[in-house]
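The structure under discussion appears below in the form of structure tokens.
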Amino acid sequence: MQKKYKHIFFDLDGTLWDYEKSSEETILELFHLYDLQKYVAFPALLKSVIAANEYMWLLYREKRITKDELRNIRFQKALSDLGIDDNELASQLNSYYTTNCKEKSYLIEGAKAALDYLSAKNYSLHILSNGFADSQQTKLVNCGIREYFSTVITSESSAFTKPQKEYFEFAMRRIGAVNLECIMIGDSWEVDIIGAQNAGIEQIYFVNNKLKETLKQVSDNCTYTIHQLSDLKRLF
């Protein structure tokens, strides 16, 4: 690849920071801490929390709920879907999860090596995340990768969310760039890849452990596809 890009946009959760591992570990902690085995088996709890969280984030991206509503309702929904009606318990679980999950320092395999490689080549690196500013800054610092990024742009700082075109336009204005100078790397087809396409920005879809059927359907419809972060070395 010729060095036509100046700016590389990275998604954080699931692309650099290991959301799945961090979230599962935190849910396991609260499962034991709050003695939830008397209500439900851990696999069922994990599945319900993941589903509720994904649904709430969808509503947040669509501007149908606020940040506070997302955080306050997700465990109510997760428990309710399991037949547990206890809003006080849901509030305690949410408080523990919100405080502790972001403290995890797990990175996706190859993340730091990829950032070292790209930084050495003098690309300007930026985080574009729908996550909340306080959480994302904590993750970046705890993982030891904050120093790699010139800017961290969240849904709160931009007033928009991925995949909105306006989100990416805000990011480009913030760093003083045009779309042809930028490329977006992310693990969500709907949020990262479609969002970048909406703004005329080229994309790298990080498929990671996604199903081969999913990859087959979308790989021909984005600029580049990678299976692991070390693959970035063949693109830059």
Side-chain angles (χ1 to χ4, degrees), residues 5 7-24 46-67 69-71 73-74 77-78 81 101-102 108 111 114 125-133 135-136 139 152-172 174 179 182-229 231-232 235:
Y5 307 108
H7 302 275
I8 301 177
F9 294 144
F10 273 95
D11 171 57
L12 182 57
D13 296 355
T15 300
L16 295 172
W17 184 72
D18 195 332
Y19 164 76
E20 289 188 4
K21 184 175 182 178
S22 301
S23 184
E24 181 171 347
L46 178 64
K47 182 178 180 180
S48 186
V49 173
I50 290 173
N53 201 42
E54 289 179 351
Y55 178 66
M56 291 300 150
W57 274 103
L58 173 62
L59 297 184
Y60 176 75
R61 290 197 302 271
E62 295 178 348
K63 305 291 187 181
R64 294 163 62 186
I65 61 172
T66 66
K67 168 185 174 179
E69 287 173 329
L70 184 155
R71 286 181 166 174
I73 297 173
R74 58 184 168 185
K77 176 171 173 52
D81 289 345
C101 188
K102 66 184 179 183
I108 298 292
L125 309 181
H126 313 273
I127 291 291
L128 268 61
S129 173
N130 278 344
F132 304 129
S135 296
Q136 305 310 72
K139 295 169 188 175
V152 178
I153 298 173
T154 66
S155 54
E156 292 173 294
S157 63
S158 68
F160 302 102
T161 57
K162 295 182 290 182
Q164 287 182 289
K165 177 182 178 181
E166 292 85 355
Y167 179 100
F168 293 87
E169 292 173 339
F170 175 91
M172 289 186 285
R174 174 86 173 269
N179 55 2
C182 305
I183 191 165
M184 177 76 204
I185 303 173
D187 71 309
S188 171
W189 180 262
E190 295 81 6
V191 176
D192 300 312
I193 305 307
I194 297 299
Q197 290 176 348
N198 289 341
I201 296 171
E202 294 193 347
Q203 328 88 40
I204 299 175
Y205 183 38
F206 178 35
V207 299
N208 204 1
N209 296 318
K210 293 180 176 61
L211 296 174
K212 290 182 179 180
E213 291 78 7
T214 301
L215 173 59
K216 185 176 181 180
Q217 291 172 3
V218 303
S219 60
D220 292 336
N221 297 312
C222 61
T223 314
Y224 304 103
T225 301
I226 60 172
H227 297 264
Q228 51 199 9
L229 292 175
D231 291 340
L232 292 173
L235 298 180

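Quick note: residue numbers are just sequence positions, from 1.
Applying the side chain to side chain donor-acceptor pair (under 3.5 Å) test to Lys165 and every residue at least two apart in sequence or in another chain returns nothing. Applying the ring-ring contact (aromatic ring centres under 6.0 Å, His included) test to His7 and every residue at least two apart in sequence or in another chain returns His126. In terms of the salt bridge (charged side-chain N to carboxylate O under 4.0 Å, His left out) criterion, residue partners of Asp81 (sequence neighbours excluded) are, by chain and number, Lys77. Every side chain to side chain donor-acceptor pair (under 3.5 Å) that Gln197 has, sequence neighbours left out, goes to Gln203. With sequence neighbours excluded, no residue satisfies side chain to side chain donor-acceptor pair (under 3.5 Å) with Asp18. Every residue meeting the salt bridge (charged side-chain N to carboxylate O under 4.0 Å, His left out) condition with Glu202, not counting sequence neighbours, appears here in chain and number order: Lys4. Under the side chain to side chain donor-acceptor pair (under 3.5 Å) criterion, Glu62 pairs with Arg64, not counting sequence neighbours. Qualifying ring-ring contact (aromatic ring centres under 6.0 Å, His included) partners for Phe170, counting only residues two or more places apart in sequence or in other chains: none. Residues forming a ring-ring contact (aromatic ring centres under 6.0 Å, His included) with Phe160 (at least two apart in sequence, or on another chain): none. Considering only residues two or more places apart in sequence or on other chains, Glu69 meets the side-chain contact (heavy atoms from CB on, under 4.5 Å) condition with Ile65, Thr66, Ile73. Residues passing the side-chain contact (heavy atoms from CB on, under 4.5 Å) test with Ser135 are Arg71, Lys102, Lys139, sequence neighbours excluded.
Note that CG of Asn179 and CE of Met184 are 14.5 Å apart. Values are rounded to the nearest 0.5 Å. For the atom pair CG of Leu125 and CZ of Phe9, the computed distance is 11.0 Å after rounding to the nearest 0.5 Å. Summarising the geometry, atom CD1 belonging to Ile204 is positioned 6.0 Å from atom CD1 belonging to Ile226; distances are rounded to the nearest 0.5 Å. The structure places CD1 of Ile194 at 9.0 Å from OG of Ser188, a figure rounded to the nearest 0.5 Å. To the nearest 0.5 angstrom, Asp13 atom CG is 8.5 Å from Ser22 atom OG. The CD1 atom of Ile193 sits 11.0 Å away from the CD1 atom of Ile201 when rounded to the nearest 0.5 Å.
Annotation for Ala78 and Ser48: closest pair O-OG, 2.7 Å, computed over non-hydrogen atoms. Across every non-hydrogen atom of Ser129 and Gly131, the tightest pair is OG-N, 2.8 Å.
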* For Asn221 and Tyr205, what are the C-alpha separation, side-chain angles and deciding distance, and is it a side-chain contact (heavy atoms from CB on, under 4.5 Å)? -> CA-CA 10 Å; Asn221 297 312; Tyr205 183 38; over 6 Å; no

* Apply the test side-chain contact (heavy atoms from CB on, under 4.5 Å) to residues Lys67 and Leu70: give CA-CA distance (whole Å), side-chain angles for both, the deciding distance (0.1 Å), then the verdict. => CA-CA 5 Å; Lys67 168 185 174 179; Leu70 184 155; 5.8 Å; no

* Let me see the working for Phe168 and Cys182 under side-chain contact (heavy atoms from CB on, under 4.5 Å), right down to the final yes or no. => CA-CA 10 Å; Phe168 293 87; Cys182 305; over 6 Å; no

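Side-chain atoms of Asn53 do not come within 3.5 Å of backbone N or O of Val49 as any donor-acceptor pair. Although no hydrogens or angles enter the test, the distance criterion places a donor-acceptor pair under 3.5 Å between the side chain of Asn198 and the main chain of Pro163.
Looking only at atom types and distance, the side chain of Gln136 has no donor-acceptor partner in the side chain of Thr154 under 3.5 Å away. Asp187 and Thr15 share a side-chain donor-acceptor pair at under 3.5 Å.
For residues 49-61, no residue pair satisfies the salt bridge (Lys or Arg N to Asp or Glu O under 4.0 Å) rule, not counting sequence neighbours.
A 4.5 Å side-chain heavy-atom check between Asn130 and Tyr167 finds at least one atom pair inside the cut-off. Counting heavy atoms from C-beta outward, Tyr224 and Asp231 have side chains that stay 4.5 Å or more apart. By the 4.5 Å heavy-atom criterion applied to side chains, Leu235 and Ile183 are not counted as neighbours.
By the 30° and 60° cut-offs, the orientation of the rings of Tyr19 relative to Trp17 is tilted.
By the neighbour-count criterion of 12 heavy atoms within 6.0 Å, atom CZ of Phe132 is densely surrounded, having more than that number from other residues, nucleotides or ligands.
Checking each of Ile108, Asp11, Leu229 against Leu16 for a side chain to side chain contact (heavy atoms under 4.5 Å, CB included) leaves exactly one that passes, namely Leu229.
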